Asker: 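Here it is: the structure, laid out below.
Within every chain, numbering begins at 1; the chains are lettered A, B, ... in the order of the sequence lines, protein sequences first and strands thereafter. Every value quoted in this text rests on a predicted model; they were computed, and no experiment measured them.
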There are 2 protein chains.
Amino acid sequence: MDDTFSALANKTRRQILDYVKNNPACLVNDISNQFAMSRIAIMKHLKILESANLLVTEKVGKAKHHYFNVIPIQQIYDRWTDEYSRFMASRLTGFKNQIEQELKDTENEPKQTKKCS
Amino acid sequence: MDDTFSALANKTRRQILDYVKNNPACLVNDISNQFAMSRIAIMKHLKILESANLLVTEKVGKAKHHYFNVIPIQQIYDRWTDEYSRFMASRLTGFKNQIEQELKDTENEPKQTKKCS
DNA sequence: CAAACATGTAACTTAAAGGTTACATATAAG
DNA sequence: CTTATATGTAACCTTTAAGTTACATGTTTG
């Protein structure tokens, strides 16, 4: 999970994900041609994305095909909607009201701190 | 948006967010007491979280109160669900039901928050 | 086989992240 | 007023991130 957050923290890597999503089966060179930086730099980003399982690859001869994998993003999505579900739900009622509600409800409730991934 | 991703990429900062969410109005010292590292290190993390607008603060005398702000996370959520809507589409129905369930449950479940100092 | 092509590895540089200790300021309380 | 408390700033250190150039390997194709 930490790998996923780290991988997504870099703008170039998010752009790579966007590109691969829109160009399934694309090659290393296809990807690196989209960016100003060198192919080596892109390959490092690809390695990080692949380690985070955000990209999966298939080697066919000398060609390496890349595919976007949404599952780690879904896992983050699930994490946040679990951790912050009340806040996500609050989109219907507004943040301010929710904070006021929390402060009001505070006295008779137990503290609970959840572990972080 | 980049600030938000960067801020969320660090495990300590995610844990800080969890703590502040569960302990609205908490102070710098309340937060730093939860961690092994120094108060100064925590203050740097707080500054980053505040710059990313994930935390909002209110100064009252010598005390600085911290509050979690979900809006940047909602924006990320919206970005990804927009960017990857095709991939998320299959999950949307489940999500809708989940939110409805959460809203329903919220009325009966005790909330897990406690006000600080 | 030789040349072009696609990808992979190594070594290095620079900048930024994440932490430390020491010191400074401002408010509350005795 | 003096002391304890809560937060803020400065200077520094170490590790990691992110990029570079140069070279190596493996695979098609003429």
Side-chain angles (χ1 to χ4, degrees), chain A residues 1-20 23-68 72 116-117, chain B residues 1-20 23-68 72 114-117:
Chain A
M1 182 72 99
D2 197 39
D3 287 347
T4 310
F5 276 111
S6 299
L8 291 173
N10 181 282
K11 185 171 186 173
T12 299
R13 286 196 289 270
R14 293 198 299 275
Q15 290 174 330
I16 290 175
L17 281 188
D18 288 335
Y19 179 79
V20 174
N23 299 275
C26 60
L27 306 180
V28 174
N29 278 333
D30 296 329
I31 300 167
S32 71
N33 288 339
Q34 305 297 315
F35 296 89
M37 70 187 68
S38 72
R39 177 182 58 86
I40 313 301
I42 295 296
M43 283 182 63
K44 290 188 183 179
H45 285 307
L46 292 175
K47 189 175 183 181
I48 291 168
L49 289 167
E50 207 175 334
S51 297
N53 207 32
L54 286 160
L55 290 181
V56 293
T57 61
E58 181 192 18
K59 188 122 190 192
V60 180
K62 69 182 175 185
K64 187 174 185 180
H65 299 284
H66 293 74
Y67 302 90
F68 172 71
C116 185
S117 57
Chain B
M1 179 74 95
D2 198 40
D3 287 346
T4 311
F5 276 110
S6 300
L8 291 173
N10 181 280
K11 184 172 185 173
T12 299
R13 286 195 289 270
R14 293 196 299 277
Q15 291 174 329
I16 289 174
L17 281 187
D18 288 334
Y19 180 80
V20 175
N23 299 275
C26 59
L27 306 180
V28 174
N29 279 332
D30 296 328
I31 300 168
S32 71
N33 288 339
Q34 306 297 315
F35 296 89
M37 70 188 67
S38 72
R39 177 183 58 88
I40 313 302
I42 295 296
M43 282 183 64
K44 289 189 184 180
H45 285 307
L46 291 175
K47 188 175 184 183
I48 290 167
L49 288 168
E50 207 175 337
S51 296
N53 207 32
L54 286 160
L55 289 181
V56 293
T57 62
E58 181 192 16
K59 189 120 188 194
V60 180
K62 69 181 174 183
K64 187 175 185 182
H65 298 283
H66 293 75
Y67 302 90
F68 173 72
K114 173 189 170 190
K115 188 177 179 181
C116 276
S117 337

Asker: What is the separation between atom CG on B:N10 and atom P on C:dA16, rounded to the nearest whole Å?
Answerer: 18 Å
Asker: Side-chain polar contacts of residues 37-47 of chain A - donor-acceptor pairs under 3.5 angstrom, sequence neighbours left out - could you list them?
Answerer:
unit_1: A:S38; atom_1: OG; unit_2: A:A41; atom_2: N; d: 3.2
unit_1: A:H45; atom_1: ND1; unit_2: A:R13; atom_2: NH1; d: 3.0

Asker: To the nearest angstrom, how far is B:I16 atom CD1 from C:dG19 atom C1'?
Answerer: 13 Å
Asker: For A:D3, what residues pass the side-chain contact (heavy atoms from CB on, under 4.5 Å) criterion, not counting sequence neighbours?
Answerer: A:A52
Asker: Grab the CG-P distance between A:L27 and C:dG8 for me, whole Å please.
Answerer: 11 Å
Asker: It should be established whether A:N29 places a side-chain nitrogen or oxygen under 4.0 Å from OP1 or OP2 of nucleotide C:dC5.
Answerer: no
Asker: Looking at residues at least two apart in the chain, or sitting in another chain, which of them share a side chain to side chain donor-acceptor pair (under 3.5 Å) with B:D2?
Answerer: A:R14
Asker: Could you note down all residue pairs passing salt bridge (Lys or Arg N to Asp or Glu O under 4.0 Å) where residues 48-58 of chain B supplies at least one of them, sequence neighbours left out?
Answerer: B:E50-B:K64
Asker: With heavy-atom distances below 4.5 Å as the criterion, would you say the side chains of B:I31 and B:Y19 are in contact?
Answerer: yes
Asker: Are A:D18 and A:F68 close enough that some pair of their side-chain heavy atoms sits under 4.5 Å apart?
Answerer: no
Asker: Which of residues 46-62 of chain A sit near DNA chain D, with a heavy atom under 4.0 Å from it?
Answerer: A:G61, A:K62
Asker: Expressed as a whole number of angstroms, how long is the span from A:K44:NZ to C:dT13:P?
Answerer: 13 Å
Asker: In whole Å, what is the span from the CD atom of B:Q15 to the P atom of C:dG18?
Answerer: 13 Å
Asker: Find the distance between OG (B:S6) and CE (B:M1) and round it off to the nearest 0.5 Å.
Answerer: 12.0 Å
Asker: Taking only residues two or more places apart in sequence or in another chain, which ones pass side-chain contact (heavy atoms from CB on, under 4.5 Å) with B:A9?
Answerer: A:A9
Asker: Extract, from 5' to 3' on DNA chain D, the first and final nucleotides lying under 4.0 angstrom from some heavy atom of chain A.
Answerer: D:dA18 to D:dT28
Asker: Give me the residues of residues 32-43 of chain A where at least one heavy atom lies under 4.0 Å from an atom of DNA chain D, by number, or none.
Answerer: A:M37, A:S38, A:I40, A:A41
Asker: Could you tell me if the side chain of A:L8 sits less than 4.5 Å from the side chain of B:L8, heavy atoms only?
Answerer: no
Asker: Let me confirm one number: the CG-CG distance from B:N33 to B:L27, rounded to the nearest 0.5 Å.
Answerer: 10.0 Å
Asker: Judged by each residue's nearest nucleotide on DNA chain D, which is more toward the 5′ side, A:A63 or B:K64?
Answerer: B:K64
Asker: Taking all non-hydrogen atoms of both residues into account, name the closest pair between B:T12 and B:N10 and its distance.
Answerer: N-OD1, 2.9 Å
